[in-house]
Amino acid sequence: MTKEQNKKAPNLRFKGFTNDWEQHKLGKIMNVTSVKRIHQSDWQKVGIPFYRARDIVAISKGQKISEPIYISENKYKEFSEISGKVKINDLLVTGVGTIGVPLLVQKTPLYFKDGNIIWFQNNNQFNGIFLYNAFLTRSIQNFIKTTTGVGTVPTYTIITGKETPILFPKPKEQDRVATLLKTAENLITLQQRKYNSFRTIIPLMLANENSFVI
């Protein structure tokens, strides 16, 4: 193996960073788990947000959650005493349906459906944005696809979650990478909004025969 092939870092980096990146299984770095089961009879139309796998997929696409579900604050407190509370910068990843879709927790409280979603308890081990984007990389997505089985219902489980490998730099470089990625995301979102507005305006202009009169 050549020195270039053995190098554990991307070729394109910020100036001043030269150390190799580390690679570990996520289960060796943080707790990978789920929550105590909430039954359908406990679902409500108001209260603490309760996420299913399909809700995370919708959020990832920038869509509104269809028929959102909630649980009572009392039920949330009761079950959180057992399972723990989801915290800011934790990562939730879909384990059924469209598997491997991550959601970076940016607002709490919330609860989620056990068995459908895997909970990576970050505890500030990683910059949250860096961790989220790591799950979008080809290496982690390929790992998920190759380890979730080829049956009719592939699933990403807690065990597989613990075995998921991640390549990462020191915290300062994580922060630089995360800042760049967040800036790019904001620019893309802004341009998408402009495009959507343009698509809304054009039909109105075409419907008015005087729109283009100078």
Which residues share a ring pair (Phe, Tyr, Trp, His ring centres under 6.0 Å) with Phe135, sequence neighbours left out: Phe120
State which residues pass ring pair (Phe, Tyr, Trp, His ring centres under 6.0 Å) with Tyr76; sequence neighbours excluded, sorted by chain then number. none
Indicate, with yes or no, if Ile38 and Tyr70 share a hydrophobic cluster defined by side-chain heavy-atom contacts under 4.5 Å among Ile, Leu, Val, Met, Phe, Trp and Tyr. no
I'd like to know if the side chain of Thr137 pairs up with that of Ser139 as donor and acceptor (distance under 3.5 Å, no hydrogens or angles considered). yes
Taking every heavy atom of Val32 against every heavy atom of Ile158, the minimum-distance pair comes out as O-CG2, 3.3 Å
With sequence neighbours excluded, what pairs up with Ile59 under the side chain to side chain contact (heavy atoms under 4.5 Å, CB included) test? Tyr51, Ile65, Leu103
Considering only residues two or more places apart or on different chains, which pairs with a residue in residues 169-181 satisfy salt bridge (charged side-chain N to carboxylate O under 4.0 Å, His left out)? Arg13-Glu173, Glu22-Lys170
Euclidean distance, Phe79 CZ relative to Ser72 OG, rounded to 0.5 Å: 9.0 Å
Is the backbone of Pro169 close enough, under 3.5 Å, to the side chain of Gln174 for a donor and an acceptor to pair up by distance? yes
List for me each residue that meets side chain to side chain donor-acceptor pair (under 3.5 Å) alongside Ser60, sequence neighbours excluded, and say none if there are none. none
Selection residues 99-108 - residue pairs positive for side-chain hydrogen bond (donor to acceptor under 3.5 Å, both in side chains), sequence neighbours left out: none
Taking the side chain as everything from C-beta on, heavy atoms only, tell me whether Asn123 gets closer than 4.5 Å to Met30. no
Please determine whether residues Ile56 and Ile118 belong to a single hydrophobic cluster, defined as Ile, Leu, Val, Met, Phe, Trp and Tyr linked transitively by side-chain heavy-atom distances below 4.5 Å. no
Can you confirm if the aromatic rings of Phe168 and Phe130 lie within a centre distance of less than 6.0 Å? no
For residues Phe126 and Ile166, determine if any side-chain heavy atom of one lies less than 4.5 Å from a side-chain heavy atom of the other. yes
Run the side chain to side chain contact (heavy atoms under 4.5 Å, CB included) test against Arg54 and tell me which residues pass, sequence neighbours left out. Arg52, Glu67
Non-neighbouring partners of Glu163 that pass side chain to side chain contact (heavy atoms under 4.5 Å, CB included), sequence neighbours left out: Lys25, Phe143
Residues 81-96 side chain polar contacts: donor-acceptor under 3.5 Å, at least two apart:
from: Ser83; atom 1: OG; to: Lys36; atom 2: N; distance (Å): 2.7
from: Asp90; atom 1: OD1; to: Asn122; atom 2: N; distance (Å): 3.0
from: Asp90; atom 1: OD2; to: Lys87; atom 2: N; distance (Å): 2.9
from: Asp90; atom 1: OD2; to: Trp119; atom 2: NE1; distance (Å): 3.0
from: Thr94; atom 1: OG1; to: Thr98; atom 2: O; distance (Å): 2.7
from: Thr94; atom 1: OG1; to: Gly100; atom 2: N; distance (Å): 3.1
from: Thr94; atom 1: OG1; to: Val101; atom 2: N; distance (Å): 2.9

How far does CD1 of Ile29 sit from CD of Gln125, to the nearest 0.5 angstrom? 7.0 Å
Polar side-chain atom of Thr146 near backbone of Asn142 as donor-acceptor pair, under 3.5 Å: yes
I need the full list of salt bridge (charged side-chain N to carboxylate O under 4.0 Å, His left out) pairs touching residues 114-127, with sequence neighbours left out, sorted by first then second residue. Arg37-Asp114
I want to check something: taking the side chain as every heavy atom from C-beta on, are Pro102 and Leu136 in contact at a cut-off of under 4.5 Å? yes
Taking only residues two or more places apart in sequence or in another chain, which ones pass side chain to side chain contact (heavy atoms under 4.5 Å, CB included) with Ala178? Asn127, Ile129
Flag yes if Leu104 and Phe112 sit in one hydrophobic cluster, no otherwise; membership is Ile, Leu, Val, Met, Phe, Trp, Tyr, and two members link when side-chain heavy atoms are under 4.5 Å apart. no
Co-membership, hydrophobic cluster, residues Leu181 and Ile140, 4.5 Å side-chain: yes
Find out if a path of hydrophobic residues (ILVMFWY) with successive side-chain heavy-atom gaps under 4.5 Å connects Ile117 to Ile159. no
Taking all heavy atoms of Gly115 and all of Ser34, pick out the closest pair and write down the distance. N-OG, 3.7 Å
Please output the side-chain donor-acceptor pairs of residues 43-50 that fall under 3.5 Å, not counting sequence neighbours, one pair per line with the distance.
from: Gln44; atom 1: NE2; to: Val46; atom 2: O; distance (Å): 2.9

In Å and rounded to the nearest 0.5 Å, what is the NZ to CD1 distance from Lys77 to Ile71? 12.0 Å
From CG (Leu26) to CG (Leu131), nearest 0.5 Å: 6.5 Å
